[in-house]
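Below, chains carry the letters A, B, ... as their sequence lines are ordered, and counting in each starts from 1. Predicted, not measured: the structure shown is a model, and the values here were computed from it. The figures here come from the full heavy-atom set of this structure, side chains too, leaving out hydrogens, waters and symmetry mates.
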There are 2 protein chains.
Amino acid sequence: MAKTDNIQEPAVDTTEQRIFEAAREVFTQKGMDGAKMQEIADRAGINKALLHYYYRSKEKLYEMVARAIVGKMLPTIRQLLESEQAFEDKIRGFIDFYIDIIGRNPFIPLFVITEINKHPERFFETILPKDLPRPEVFFSQVEAEVAAGRIRPIAPQHLLVNMISMCIFPFVAKPMIRILLGMSPGEIRLFLEERKREVTAFMLAGLRP
Amino acid sequence: MAKTDNIQEPAVDTTEQRIFEAAREVFTQKGMDGAKMQEIADRAGINKALLHYYYRSKEKLYEMVARAIVGKMLPTIRQLLESEQAFEDKIRGFIDFYIDIIGRNPFIPLFVITEINKHPERFFETILPKDLPRPEVFFSQVEAEVAAGRIRPIAPQHLLVNMISMCIFPFVAKPMIRILLGMSPGEIRLFLEERKREVTAFMLAGLRP
DNA sequence: GCCACATTTTACCAAACGGTTAAATCAAAT
DNA sequence: ATTTGATTTAACCGTTTGGTAAAATGTGGC
């Protein structure tokens with residue numbers, strides 16, 4: 001809700017942080033291969049020499065940026081999955097918070113997906129932290145709801161993937177959807193805002209016994 | 001169902017087609033920036049000189065590959081959206097066929113999404129054909145079902161995006177989901193196969209009045 | 001004034017890469 | 001045997017790019 005829980009939040013405006021922020025922008029938008037060190041330097045308002053003065057190599061800088069992004073997303077997901085709320089509240093909270101975060105950082109999912117697909121080894125060995133979110137808590141919660149007859153029988157893994165898909169994909173494929181549905185930039189923005197309500201409604205409807 | 005309706009199907013094995021096929025593989029997996037002409041030549045089993053002998057430039061080759069991919073996907077979507085089946089059959093058919101095609105060409109969605117995000121101008125002006133699928137037929141079908149009380153009230157655009165999201169996203173984010181759910185390569189393959197049944201069930205459940 | 005550090009300037013290097021050229025080789029058709 | 005087109009070889013070019021070196025300049029604190 002607050003603008004300050006954006007993924008990027010430079011505490012103070014040091015040159016080092018301006019560089020890092022510039023690198024984050026360029027890397028997320030152009031990927032490792034498409035990003036140029038010169039452009040990062042330009043966007044940070046410094047020159048290439050100073051860029052290498054702070055960050056040794058492109059590879060290292062990229063890894064730091066990727067780690068920062070992934071390392072900030074995972075705890076959020078973990079928190080959403082492991083929270084102790086009642087089931088329906090949890091679903092509502094997950095969708096609400098998740099769409100909110102992605103709406104404010106729409107480049108992140110595509111960046112992570114691209115990175116993981118193009119350089120799996122580097123991602124799993126260097127970027128991904130060791131302590132991953134444990135969906136087990138959520139899964140047993142789903143199974144309990146099913147057993148109690150409060151929701152329709154469904155495999156908890158598919159339930160989770162359905163929910164995540166409907167939250168993330170529209171942002172990842174925003175321009176594609178925009179064209180397919182013939183929407184103006186204003187209309188697609190509105191459409192994506194509606195999805196908080198819409199996905200929640202669809203999830204709960206799909207789970208009715 | 002048949003292996004022959006794969007998106008890649010070299011009719012005869014000419015050198016020109018082997019090059020094109022190699023380019024398709026490299027471009028879809030590494031993107032425009034990450035792809036190297038040398039690698040395309042290597043994978044086609046020829047040398048760089050011959051590569052330029054058949055295809056003038058990297059840019060042109062890339063555009064041809066992209067056009068071929070997009071040009072083959074769109075008519076399929078169009079057909080699925082504009083078919084004249086009864087509503088539930090249409091939903092079933094869409095999910096079934098769509099997941100089937102993506103399962104056999106899992107690199108395509110990410111390729112299209114990346115291309116559209118990194119080079120929107122080129123995509124819309126050079127690659128995307130002019131005649132797009134018209135979802136209006138499908139939309140009025142949804143509205144008719146809602147009016148007749150046969151499905152729960154829902155905006156047809158959100159319905160369509162929900163369905164497409166649940167079909168495509170798991171393939172795009174396959175390695176991510178694999179790690180999150182702690183699955184082996186065999187398990188994730190099974191999981192993705194299950195989704196045909198699962199997404200259909202979830203869609204129909206979510207639409208019950 | 002001097003020191004430590006940040007920053008700029010400039011020049012440079014080596015490698016990678018897209019693309020070209022020209023001559024040589026190969027193979028099948030005539 | 002000759003021609004024709006496909007293919008290779010190998011050298012080469014210009015540009016981009018990541019990265020380095022070194023000297024000069026700026027700047028704030030002591």
- Does CZ in B/Arg67 sit with more than 12 non-hydrogen atoms of other residues, nucleotides or ligands closer than 6.0 Å? yes
Atom-to-atom span, [atom1] of [X] to [atom2] of [N] - whole angstrom:
X	N	atom1	atom2	answer
B/Lys60	C/dG19	NZ	C1'	15 Å
B/Asn47	C/dT25	CG	P	16 Å
B/Lys58	C/dA16	NZ	C1'	11 Å
A/Ile46	C/dT9	CD1	P	12 Å
A/Lys48	C/dT9	NZ	C1'	13 Å
A/His52	C/dT9	NE2	P	18 Å
B/Glu59	C/dG18	CD	P	12 Å
A/Leu51	C/dT8	CG	C1'	14 Å

- Side chains of A/Gln85 and A/Ser83: do they bring a donor and an acceptor to under 3.5 Å? yes
- Message: Under a 3.5 Å threshold, yes or no: a donor from one side chain and an acceptor from the other, between B/Gln141 and B/Lys90?
- Response: yes
- Message: Could you measure the distance from the OH atom of B/Tyr62 to the CZ atom of B/Arg122? Nearest 0.5 Å is fine.
- Response: 5.0 Å
- Note on the structure: Here the gap from A/Phe20 atom CZ to A/Ile40 atom CD1, rounded to the nearest 0.5 Å, amounts to 10.5 Å
- Residue pairs involving residues 67-91 of chain A (criterion ring pair (Phe, Tyr, Trp, His ring centres under 6.0 Å); sequence neighbours excluded): none
- At a 4.0 Å cut-off to heavy atoms of chain A, the contacted part of DNA chain D spans D/dT17 to D/dA21
- How about B/Phe94 and B/Tyr98: are their ring centres within less than 6.0 Å of each other? yes
- Task: Considering non-hydrogen atoms only, spot the tightest contact between A/Leu50 and A/Ile46 and give its length.
- Result: CD2-CG2, 3.7 Å
- Query: Within the structure, does a side-chain N or O atom of A/Tyr53 lie under 4.0 Å from either OP1 or OP2 of C/dT8?
  - Reply: no
- Give a yes/no answer on whether the side chain of B/Ser57 brings an N or O atom under 4.0 Å of OP1 or OP2 in C/dG18. no
- So, are A/Glu21 and A/Arg24 salt-bridged, with charged N and O less than 4.0 Å apart? yes
- Item | Stretch residues 28-36 of chain B: residues that reach within less than 4.0 Å of DNA chain C through a heavy atom | B/Ala35, B/Lys36
- Message: Mind checking if A/Tyr55 touches a base, just sugar-phosphate, or nothing, with heavy atoms under 4.0 Å?
- Response: nothing
